[in-house]
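Since this is a predicted model, take the numbers as computed values, not measurements. All heavy atoms count here, side chains included; hydrogens, waters and symmetry mates do not.
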Amino acid sequence: MGSASDETAAAAAAAAAAVAEGGPAGEAGPDSKDLQQQSKALDKLTDHVEDRQLDSSRVQSAMAALASSKEADWNAMRLREKELAAVKINPTDVEIIANELELDKKIAERTLREHKGDAVAAVRSLLH
């Protein structure tokens, strides 16, 4: 932990010792304001430790949810790629778009597939 945590722990230990002893030596009783501050420091320290403890079943359920979400995303992407591969495109359109817009042929082809072979729509989307 950091030095701030060490200071909080030291203050909490001092508060616990002062309460156990009935206050500092030479005083009739501890100052109530000081005692409240020490009590808050102790609470803050114990709350911090409790927050860091994890419930293993919650962690496992979160990990399972992430795994199923990742699998669903992967399946959706695979389905989308199959749909795009099934789109008929004109190879001449790919050549024209790639040459005129100075693009890689793969990008031109992908854009044409995404626009269902419509060269005008593909060029418009590339220019925007």
May I ask you to test the [X]-[Y] pair for a side-chain heavy-atom distance under 4.5 Å?
X      : Y      : result
Leu127 : Leu101 : yes
Arg113 : Glu83  : no
Ile97  : Thr111 : no

Could you pull out the closest heavy-atom pair between [X] and [Y], with the gap in Å?
X      : Y      : result
Asn90  : Leu112 : O-CD1, 4.5 Å
Ala122 : His115 : CA-ND1, 3.8 Å
Gly117 : Ile89  : CA-CG2, 4.0 Å

N/O donor-acceptor pair under 3.5 Å between Ser69 side chain and Ala65 backbone: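 Not confirmed, Ser69 side chain does not pair with Ala65 backbone.
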
So how far is it from [X] [atom1] to [Y] [atom2], rounded to the nearest 0.5 Å?
X      : Y      : atom1 : atom2 : result
Glu95  : Glu109 : CD    : CD    : 10.5 Å
Asn99  : Lys105 : CG    : NZ    : 7.0 Å
Arg110 : Glu114 : CZ    : CD    : 4.5 Å

Hphob cluster co-occupancy, Ile96 + Val87, side-chain heavy atoms under 4.5 angstrom: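 No, no single cluster joins them.
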
Single-linkage hydrophobic cluster, 4.5 Å side-chain cutoff, Trp74 and Leu84 together: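 No, no single cluster joins them.
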
Arg78 atom CZ, neighbour heavy-atom count above 12 within 6.0 Å: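 Atom CZ in Arg78 is packed in, count exceeds 12.
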
